[in-house]
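Worksheet: the structure to be examined is printed underneath.
Counting convention: from 1, in listed order, for ligands and their atoms alike. Residue indices begin at 1 and follow the sequence shown. This is a predicted model, so every value here is computed, not measured.
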Amino acid sequence: GQAQIGVTGLAVMGRNLARNLARNGFVVAVHNRSPERTRRLIAEHGAEGRFVPTDSLADFVAALERPRAVITMVKAGAPTDAVIDELVPLLDAGDIIVDCGNAHFADTRRREEALRKQGLHFVGTGVSGGEEGALWGPSIMPGGSDESYQKLGPIFEQIAAQVDGEPCCRHIGPDGAGHFVKMVHNGIEYADMQLIAEAYDLLRAGLEATPAELAEIFREWNSGELESFLIEITAEVLGHTDASTGQAFVDIVLDQAEQKGTGRWTVQNALDLGIPITGIAEATFARSLSGHAGQRAATRRAFAGTEPTWRVEDRGAFVEDVRRALLASKIVAYAQGFDHIRAGSQEYDWDIDLGGTATIWRGGCIIRANFLDRIRQAYDDQPDLPTLLVAPWFADAVRAGLSGWRRVVAEAAHAGVPTPAFASSLSYFDALRANRLPAALIQGLRDNFGAHTYRRVDRDGSFHTLWAGDRSEVEA
Ligand code: 6PG
C-alpha cells in the first residue's frame with residue numbers, strides 16, 4: 001500500500017478530514033460502510049488531492065503503507081467498537097487506529113488497553129472546529145502512545161489550524177488524555193455559550209433592544225478583550241432574519257437547548273474528581289431546564305403577574321457592566337476547566353501541559369479566542385498556578401470588572417432575569433476569596449448528627465464533641 005493515512009466513516013466530519021489531508025499533499029485511502037459516500041467524495045472532490053477509494057475494509061487496509069494509520073470517524077459508542085472489531089484482524093503489530101469521534105475518555109482508555117495487548121496503538125483524538133474546522137484546519141488533541149505520535153504528529157500538525165506559526169495540535173498525553181481534554185473543551189464551550197446567552201438576555205430585557213441592535217453590541221465586543229469565534233457568530237445569529245416570517249431568526253427558534261452529552265460527561269467526571277466546575281455545571285443544567293417545557297409552562301402560569309418591572313438608567317454604563325461581567329465569568333469558567341484538566345492529569349497519570357493545551361485552543365476549535373494566548377502565557381510562566389484567577393492579566397480583569405459584575409448579578413435578580421452562570425461564577429469567586437467559609441458550620445452539623453468529626457483551626461488532629469452528653473470534646 002502507498003496511502004499514508006486512511007479515513008473510514010465518510011459522513012461530513014470524516015469526509016472533510018479526508019479532504020483536508022488530501023489538500024495538504026497526503027495520499028489518503030478512504031472507505032465508508034456504504035460505498036456510495038466514497039464514490040460521491042471522489043466524484044465531487046477527487047481532484048483536490050490523491051485519494052485511494054476502497055469498497056471493503058480489507059482493500060482499505062491493504063492500501064495503506066506501514067505502519068498503517070487508520071482514522072475512524074464514526075458515532076461514539078457501539079459503532080466505534082464495531083469498526084475497531086472489524087479492523088483489528090486486518091492489522092499488524094505497530095499499526096495505529098485513530099478514533100477522531102467524540103468518544104468518552106473512559107471508553108478510549110478501555111480500547112487503548114485492549115489494543116495495546118494486541119500490539120496495536122489506539123489513539124483517541126479530540127477534533128474540534130465543526131465541519132469547517134475539519135476541512136480547513138481544526139484543533140487536534142491526540143492521546144495515545146509517544147510512538148504513535150511519531151507517525152501522526154507530522155500529519156496532524158500540518159492539517160491543523162495554525163496560529164503565529166504554531167500548529168493547533170500537540171500530543172496531549174497517553175491513552176485517553178486527548179479525549180479527556182476534548183471533553184473539557186466542550187464543557188467550557190457550554191459555559192461560554194451560556195454566558196453569552198445570559199448577556200444577550202440581560203441586554204435585551206434591560207435595553208429593550210432588537211436582536212439586530214444587539215448584534216451590533218456583540219460585533220463591537222468582538223474587537224476587544226472578548227474577541228472570540230463564539231462572540232463573532234453570536235453577532236451573526238442575532239443579525240439574521242428568518243426568511244419565511246421576516247422576524248428576527250432568534251425569535252422563531254424554539255427556546256429549548258439540546259446536547260449530545262459531552263457537557264454532561266464533563267460535569268459527571270468533575271463530581272468524581274471533586275473539582276468545582278460550577279459554571280460548566282450551571283450551563284449544562286440550564287440546557288436541561290430549558291427543555292422542561294411542562295414545568296416551565298406550569299410555573300409561568302402560577303406566577304403570572306409577578307414579573308418585576310425594570311428600567312436601566314444609564315444604557316452605556318449597563319452595557320459596559322454586562323461586558324465586564326461576561327469577561328469575569330468567562331475567566332471563572334476557564335479557571336475551572338483548567339483545574340479540571342490538571343486534576344484529570346493527576347488522577348490518570350497523563351502529565352498534561354496546561355500551557356500547551358491553551359496553545360492548541362487558540363485556533364481551529366469552537367472556543368478559539370485571543371484570550372487563550374493569555375492562558376497559555378499564564379501557565380507557561382507558572383505551571384503550578386493555584387488558579388487562573390490569580391494570574392496577573394486575569395486578576396486585573398477581574399478587579400476591573402468586579403463592581404460591574406456585582407451590579408449585573410444584583411440587577412438580574414431584581415429584574416427576574418435568570419443568570420445561573422453569571423451568578424454562580426460570582427459566588428465561586430467570592431467563595432475562593434472569603435476569609436472564612438460556612439463550611440465550619442457544615443462540619444459542626446455533621447459532627448452533631450453523625451459524629452463525623454471535625455478538625456480545629458488551632459491544633460492538629462480530628463475531634464468530636466459529645467453533643468448528647470456533657471458536650472466535652474474528645475480526640476477522635
Ligand atoms: C467541536 C464541538 C463539537 C460538538 C458540538 C455539539 O468542538 O467542534 O464541540 O464536537 O459536537 O459542539 O455539542 P452539543 O450537541 O453537546 O451541544
Side-chain angles (χ1 to χ4, degrees), residues 9 11-17 20 71-77 79-80 98-105 107-108 124-143 156 159-161 163 168-170 172 176 178-197 228-234 236-237 253-270 277 279-291 333-334 337 340-341 357-369 371-372 421:
V12 64
M13 287 298 286
R15 162 188 165 107
N16 282 2
L17 261 190
N20 187 349
I71 295 178
T72 65
M73 202 36 143
V74 300
K75 284 208 177 73
T80 299
V98 188
D99 175 12
C100 284
N102 265 335
H104 193 292
F105 76 93
D107 288 335
T108 301
T125 300
V127 177
S128 178
E131 298 172 15
E132 286 293 294
L135 181 57
W136 298 109
S139 175
I140 309 181
M141 297 152 249
F156 283 169
I159 67 161
V163 174
C168 293
C169 172
R170 63 149 56 209
I172 301 289
H179 273 144
F180 181 88
V181 160
K182 175 64 191 351
M183 177 189 79
V184 177
H185 164 283
N186 281 28
I188 295 174
E189 174 184 306
Y190 279 41
D192 241 343
M193 288 165 70
Q194 176 65 24
L195 291 168
I196 290 172
S228 64
F229 171 68
L230 284 170
I231 295 280
E232 178 192 325
I233 63 170
T234 297
E236 186 180 334
V237 171
V253 176
L254 190 68
D255 59 346
Q256 298 180 19
E258 295 174 24
Q259 54 180 307
K260 289 200 279 287
T262 46
R264 183 172 63 238
W265 294 345
T266 314
V267 179
Q268 285 169 337
N269 178 257
I277 55 163
I280 296 169
E282 287 294 351
T284 308
F285 283 131
R287 290 196 190 186
S288 316
L289 186 154
S290 75
Y334 281 73
H340 190 183
I341 294 175
T357 301
T359 303
I360 63 165
W361 286 351
R362 293 181 305 166
C365 63
I366 303 298
I367 64 170
R368 63 183 179 265
F371 188 82
L372 264 318

Is any side-chain heavy atom of [X] closer than 4.5 Å to a side-chain heavy atom of [Y]?
{"X": "M141", "Y": "F180", "value": "no"}
{"X": "C365", "Y": "K182", "value": "no"}
{"X": "Y190", "Y": "T262", "value": "yes"}
{"X": "I360", "Y": "I172", "value": "yes"}

Partner residues of T125 under the side-chain contact (heavy atoms from CB on, under 4.5 Å) criterion, sequence neighbours left out
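Applying side-chain contact (heavy atoms from CB on, under 4.5 Å) to T125 gives V98, C100, V123, V127, I140, P142, F156.
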Nearest 0.5 Å, what's the CH2-CE distance between W265 and M183?
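Taking CH2 in W265 and CE in M183, the distance rounds to 9.0 Å.
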Quick check for students: name every N or O atom pair between ligand 1 and the protein closer than 3.5 Å, with distances.
from     : atom 1 : to   : atom 2 : distance (Å)
ligand 1 : 7 (O)  : S128 : OG     : 2.4
ligand 1 : 7 (O)  : K182 : NZ     : 3.3
ligand 1 : 8 (O)  : S128 : OG     : 3.4
ligand 1 : 8 (O)  : G129 : N      : 2.9
ligand 1 : 8 (O)  : G130 : N      : 3.2
ligand 1 : 9 (O)  : N186 : OD1    : 2.9
ligand 1 : 9 (O)  : N186 : ND2    : 3.1
ligand 1 : 9 (O)  : E189 : OE1    : 2.7
ligand 1 : 9 (O)  : E189 : OE2    : 3.3
ligand 1 : 10 (O) : N102 : ND2    : 3.0
ligand 1 : 10 (O) : K182 : NZ     : 2.8
ligand 1 : 12 (O) : E189 : OE2    : 2.4
ligand 1 : 15 (O) : K260 : N      : 3.1
ligand 1 : 15 (O) : K260 : NZ     : 3.3
ligand 1 : 16 (O) : Y190 : OH     : 2.5
ligand 1 : 16 (O) : K260 : N      : 2.9
ligand 1 : 17 (O) : R287 : NH1    : 2.8

